Structures are given as C-alpha cells and as structure tokens.
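Down below is the structure, laid out as structure tokens.
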Amino acid sequence: MPEGPRASPGGEGEETEGGKKHGWAEKAAKRQKEKGQERKGEETKKKKREGGKVRHEKPPRFESLKEEPEVEKTEEGERRGGGKGVKEEEGGEPESGGDGGIKEEREGSGLGKSESVESDEKVKVENGLEDEKDTKTKAKGAKPAKRRKAKEENAREEKSKKASEKLEKEGPAQKRKTTEEGDKKKSKKTKTGENEKEKKKKEEEDKWKWWEEEKTEDKVKWKQLEHKGPYFAPLYEPLPDNVKFYYDGKSPMKLSLATEEIATFYAKMLDHEYTTKEIFQNNFFRDWKEEMTEKEQEIIQSLDKCDFKEIHKYFVDKNEARKALPKEEKQKLKEETDKIQEEYGYCILDGHREKIGNFKTEPPGLFRGRGNHPKMGMLKKRIMPEDVIINCSKDSQIPVPPEGHKWKEVRCDNTVTWLASWTENIQNSLKYIMLNPSSKLKGEKDWQKYEVARRLKGVVDKIRSQYRGDWKSREMKTRQRAVALYFIDKLALRAGNEKEEGETADTVGCCSLRVEHIKLYPELDGQEHMVEFDFLGKDSIRYYNKVPVEKPVFKNLKLFMQNKDPGDDLFDRLSTGSLNSYLQDLMPGLSAKVFRTYNASITLQEQLKALTNPEDNVAAKLLAYNRANRAVAVLCNHQRATPKTFEKSMQALQAKIDAKNQQLEEAQAELKRAKADHKAKKDVKSKEAVEKKKKLLEKIKEQLEKLNVQVTDKEENKQIALGTSKLNYLDPRISVAWCKKFGVPIEKIYNKTQREKFAWAIDMADEDFEF
DNA sequence: GAGCAGGACTCAGAAAATTCGCC
DNA sequence: AGGCGAATTTTCTGAGTCCTGCT
C-alpha cells in the first residue's frame, strides 16, 4: 500500500517501523491535551440544514450500475453464500499459514487490474465474487483442513447426539434448573474445593462448540427457544413515615404513592450533575406534575421550592447500611441474586443452555441521556408484563407472566434473536432482551463480522485507488462520496446517519459532518493541507484531530464548503444509505462500519508485529500488546476521563518502586554475605543459604521490572479506554495467535468474560493466523 | 422505485459490584 | 487476618449502524 491512506489518527505518515514505538502514545497524549475533557457547547445550530439532504439527484453513473438486475440478483445469492463461505472457511482456518499466502496472492492480482475508474466498479463486483470463490477453493484445496474437517464432523455429530440425549433426559428447562440448584446447595455444605473442580468439569462439558457445526440457513436464527421471560424490576416500596418531603419550607407534605415514587427518582440523583441542568429539571418537573394528583399539582408549582434532602439522605444511608451489612447477610443477598440469575438468566436455544445478556426489565427512573440531550430528566415508565412481547418457540413452555398479569403478545418468530421486547416511552423505540456475547447467536455474528473485514483486506487497495480517482469526478455527489470514504478509511470515522433534530443530542459522524466541524489550513504546524476536525461523535465524545490530507481532498473540501453556512451539511449530496449501497456493490457485505473494523484489526496486527520482541519477558510483551491495543483505541477515539485517583496511585506505585529498589540492594548485600560465609565454612548448609539468597535476588529483580513496566503502561494509558476496541473491533484471533506465538497465557490479555465471548477464536486460531 | 420509518442489532462509557493487594 | 482503598470486572442502558418492508 504505497500511498493508500494510513489508518493513523495523527496522519503523520507511516507508523509501522518498530522505531517509532511511542508514536501512538505521544499523539494520543497530544490530542488528549488539546481536546480537554469538557464537551463542546452547541449553541450554533443548523438553521438551514434543509438545504442539503433533499437534493438527491441521481447521477447517471449510479443508475448504470443498477441497470442490470441480473447481476444484482446473483450478487444477492452470492452474499447469502457468503454467509456459508464463512463457514467453509472454518475448515481452512487452522492452517491459516497457507491462508495468508493465498491472501497475498489474491491481493496482488487484485491490484494489477484496476486502472480506469469507469470500468472499475464492475471489476470490483467481479472481484467480490472471485473472492468468495477463492475462499471456497482454498478450503477445499488444503489437505490438513480437510482432515480436520472430517474430524470435526465426527465430533459434531457426537456432540449433537449428546445434546439431544441430554435434552431428552433432562426435559424442560425448569426441571433441569431445580436439579442444578440442588447441586449447588450441596456444594455449599461440603468441601468447596472438590465441588468447584467438579463444577468446572461439568461446565467444560457443557460448552457448546457451535463453531464446529455446520452453519444453518441465514434467515432462521433458531429452531428451539425456551425461556422464562424477563425478570421484572421490584415494585416501589413507600418511604417510611419519618422520611419527609417539604414544599416551600413549610411543614412536611405527604405525597401520593405515585408522586412520591417519582420524587425519589430525583432525590436519589441529587448529588449528580444532571440535577443542576435546566433541561433536566424542566423535563423532570413537567413529567412529575403529570403524575401528581390535582391537589398536589395545585400546591407544587416550582421545583426550586421542593426539598428532597431528607429523601436523599434516606437513600444514602440505606446504601451505606447495605454496604456495612455483616458477612452472612451479604452472603444471603448474593445467594438470592444468584438464584434469580439461575432461574431467569438462561434460556434453551436449539438444545443448549445459553446465557442471556440482560434478563431484567429496565427499572423506572429518570432518563439520563448523554451529552446535551433534550430529553434528559424525563420520566422513564415502569415496564409491565402488558408492555412485553415474548418470543419463543411454539412447542416450548411459554413463560408465565407474573400473577394477575398477561403478556402483550406471545409470538414465535425465529428470524430474530430476541427473547422479549417492549417499547420504551422516551424515544418510543424498542428494547430487547437478547443473549450474552458468549452465546452462539452473538458469537457467530461476531465471527462473521471479522470475516467480512478480512475480505475487505483483499479489495481495499482497489477501493482506495477508486476513491482517489473519484476525487476528480465531474459528479459532485461522487466527489463527496469519495472524500467521505477517504475520511472513513483514514480516520476510522463512523458513517454518520441522519438524526431527527431535537430528539437527541446533536452529534455527528462522517456523512453528517457540517461545515462548522472542520477548518482548513493551507499550512499548519509546518505541514501542508491540514484539516482540523472538531465535533461531537457518538455519546457526545469530542473528536478533535488535525490531519494533513492530500491536495485534491483539500481542494474538494474547499469546494464543498463554498457558499455554505456553518450549520450546513458538508456532504450535502451524500447519505449513509447511498454510501452503503455503493459499498455493497464493491464488495458484498461491505458497509461503512467495516472500515472501522478492518482498520482497527489490521492496525493491531501491524503494531503487534512491530512492537513485540520475542526475547522479552511476558511483562514486556504485555506492554507491547497494550501499546498495540492503545494504537487502535486512539484510532477509534475511544477515550476515558483520567481517573480521579490517577496522580495518587501513580505516586503510590513510584513509592513501591523505591522500596523495591532498596530491597534489591539489601538482597544483594545479603547474597554477598552468604557467599562469604560459604567460602569460609564450605558446608552444605551455607551453600543452601547462598542458593536461597540468589533466588530471592532474582525474584526481586523480576518484581522490580514488572513494576517499571506497570508505570510506563499506566502513564500511557491515562486517558485511553482499551476495552471497547478489544471487545468490538479487534479480531480476537489476532490476539490468540499472538499469545500462542509468543508464549503469553491467554488469561493475561482476556479476562474470564472476554474468554467466554471469544471462545470460538481461542479454540480455532493457531499461531499462524493472519488477519 | 424511492424514500422513509421502524426494527434489529452492534457498540459505548458510566456506574455499580466485586476482587485485589496492601498494611 | 481483616479491613480498606484501588483496580478490575460486570452491569446497565443509551446511542449508533444498517437493512427491510411499506407506502
């Protein structure tokens, strides 16, 4: 990729050489400084945004692409096949050394072709198909893969047999649960150690290696789905009589139950910043008044005159009391929640017990939007069974609604993955109960996501050269698309769908960028053609970045900004819909977000390659891993506020190092003494003493090194959140392969939850895996 | 046949809960 | 050993993306 855009946030050119180890961190720090933690104000608004989006003239070229429905159809077919393709690749996975080779080849041959922009698009389509075929032949051709596949098939058969047997034996979920509960109780009484082991073993057996099974039809998500329905939030418990609400400083006022409940929502949040915001207060007060009795409405006229302090204190105290509970009490509480988890937290999906992600309905409360949300403070209503739609298989035990209630609906739709849903009253959108990330349904999708990103790797060079060509297109729309795609690729920006004005915080992504969000500098910081981005992205997290761009991009941006107001759309001829349908034509399954996944994963792989030194010890290798991870987090703009305790804990760590240094000196001195002693006595005892001291010294040295690494890591990690990218953007197989290759235990990079989520990758990736 | 709303799903950081590690 | 603060993990639910099906 000689001049393809680099996926580097600072855009300072090539990052891959090992020499630049700290490049990412430095840039991150720099950007961090510039950005500040506060969120950008948003007074200036889109007075006249209408100007843009409506003008969707259709460029002839786009039309010509669409004119062959035949092609479209085949493609559609292929895409579905693509799902299967993923599956077929599974067999080929283990020997991904060969995989990589083929990939390279494919990449190379792909590059050779495309020259003219016109014919390019078709070539791309073809390439997409070619790609699929390649994948298939590859899987077939590889011998070891074949063998392994056969083996897997056997295993699979056995597995499913086992599963069905088990099902027959155990029958419906409820039965099974009771037995397990029994087991558990027993285990508490007897020696925990053994039982723990047993339990683990059992769990091991229970693990469903779905990735070894043939993938089923795409649309149908399950054949069997059985569960207990959601666990409902506990009902409101009235305040004790001695906790009072005051209005206007007068004598206490007894509130009706409903009014009181809502008051507690506000009271609980009293020391949160939210309650200082006017929008929050207004929204709350409006919704609160609506639920009041007429009499209450008459009296309570202003929020300022409401005194929630006693109520607030009551909850603070209650919280503390709960924390101060004796051990046994706490244990009891925990057992109760465990029981609930056991009963409601799992479902049966196609014969396997799967963990549910969120099995509780959301409790009522006050809506907490992020950033400057116009609806913050509004009352989130309690979800009742009458609001809930249940989804499960026909022949299953239909969940029983709480007594005296019924479900809104029970349906049996196996083309969706959710178990229950309800409509939430703030945005009037649907909420779902779905499975845990460790489940087959989620895992398979995740895997597929990374496979799509890997396919992008094969065509990305062509796509890049195509959009570079499009910078000079005669069509405005095409140019805008090309520049937007360049940003999405180079800076890993999100697509940026249109949002309804006034319904949510004013945030943007690439396609919804407005003129006010970028500044152009012909020269800045000694670099030419600089673009300064400053906008609020998802979750109102500020994106601030100064990037040098190529000259045509710069010129185009200037053009796009001509005669526009700050509030106007930068890409007024572009929508995520048209961008994505264009991308879909270039490669089946391709959409804007795939670039984020692709660039994140490829960055990790490159950085790991550049930063890992096989000679290093595990701690140093982990530092390298974290740095690579960090590079991705910076790219994706995953930030966190510096922890409040950062300085303090840093000092503590430094103190520890000092102490360790002293220990080291002492140990050295002791060793010397012991040696002298041995020289004098020459007996076994003194020799043993020397050995002992030597060992101690080694241990201390190791500890010291570990501490030093910790400091570096911590400092560099100050304001960057690694979790999101690790969980959502980095192909876990890259990490697994790295661990295997360099002898790092997987537990060092993935905790238990993460290992569960990525079980498929841990099981299937070997050390040669190439993204 | 297009454009739009709504549905289904992924991704996101804050906050709560739990574990860790030190004295 | 046990208590305490910090670190890590888990939970929670809001905020995106993308696609489909309807008009």
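Note that the structure is a prediction, hence the values are computed from the model and not measured. Convention: sequence-line order gives letters A, B, ...; per-chain numbering from 1. Just so you know, these numbers use all the heavy atoms, side chains as well, and skip hydrogens, waters and symmetry mates.
Across all strands shown, A/Gly496 has heavy atoms under 4.0 Å from sugar-phosphate atoms exclusively, and none from any base. Contact annotation for A/Lys221: backbone-only contact, meaning every heavy-atom pair under 4.0 Å involves sugar-phosphate atoms and none involves a base. Using a 4.0 Å heavy-atom criterion, one finds that A/Gly537 contacts the sugar-phosphate atoms exclusively. If you check every strand for non-hydrogen atoms under 4.0 Å, A/Thr504 touches nothing. A/Ala592 comes within contact range of the sugar-phosphate backbone alone, with a heavy-atom separation under 4.0 Å but no base atom that close. Among the heavy atoms of the strands lying under 4.0 Å from A/Tyr729 are primed sugar atoms or P, OP1, OP2 only; no base atom is included. Using a 4.0 Å heavy-atom cutoff across all strands shown, A/Glu424 reaches no nucleic acid atom at all. Within 4.0 Å of A/Pro363, counting heavy atoms only, lie sugar-phosphate atoms of the nucleic acid but no base atom.
One can place NZ of A/Lys431 at 12 Å from P of C/dC12, the figure rounded to the nearest angstrom. Straight-line distance from the CD atom of A/Gln427 to the P atom of B/dA5: 15 Å, rounded to whole Å. Rounded to whole angstrom, the span from the NZ atom of A/Lys538 across to the P atom of B/dC11 amounts to 8 Å. In this structure, the CG atom of A/Leu579 is 11 Å from the P atom of C/dT17, given to the nearest Å. Between the NZ atom of A/Lys334 and the P atom of B/dA17 there is a distance of 13 Å, given to the nearest Å. Atom NZ in A/Lys327 sits about 15 Å away from atom C1' in B/dT18, given to the nearest Å. In this structure, CG of A/Asn637 is placed 15 Å from C1' of C/dA15, rounded to the nearest angstrom.
Within the structure, salt bridge (Lys or Arg N to Asp or Glu O under 4.0 Å) pairs that include any residue of residues 425-441 of chain A comprise A/Glu362-A/Lys431 (at least two apart or interchain).
For A/Arg382, the salt bridge (Lys or Arg N to Asp or Glu O under 4.0 Å) criterion is met by A/Glu261, not counting sequence neighbours.
Contact between A/Ala505 and A/Arg370 at its shortest, heavy atoms only, is CB-O, 3.7 Å.
A/Asn580 has a side-chain polar atom (N or O) that falls below the 4.0 Å cut-off from OP1 or OP2 of C/dC18.
Distances from the side chain of A/Asn728 to the nucleotides B/dT10, C/dC18, B/dC11 place B/dC11 closest. Taking only side-chain atoms of A/Lys380, from C-beta outward, the nucleotide of B/dA12, B/dA8, C/dT13 with the closest atom is C/dT13. Listed candidates were B/dA12, B/dT10, C/dT13. Nearest to the side chain of A/Glu362 is C/dT13. Of the candidate nucleotides B/dC9, C/dA15, C/dC12, C/dA15 has the atom lying nearest to any side-chain atom of A/Asp539.
A salt bridge links A/Glu451 with A/Arg733: at least one charged nitrogen is closer than 4.0 Å to a carboxylate oxygen.
There is no side-chain donor-acceptor pair under 3.5 Å between A/Glu756 and A/Asn436.
Donor-acceptor pairing under 3.5 Å, judged by distance alone, is absent between the side chain of A/Arg368 and the base of C/dG14. Not a single donor-acceptor pair, N or O on each side, falls under 3.5 Å between the base of C/dC18 and the side chain of A/Lys593.
Along DNA chain B, the nucleotide nearest to A/Leu430 and the one nearest to A/Thr724 differ in position, and the one closer to the 5' end is contacted by A/Leu430. Comparing A/Asn751 and A/Val594 along DNA chain C, the residue whose closest nucleotide (by nearest heavy atom) sits nearer the 5' end is A/Asn751.
Aromatic ring centres of A/Phe280 and A/Tyr274: separated by under 6.0 Å.
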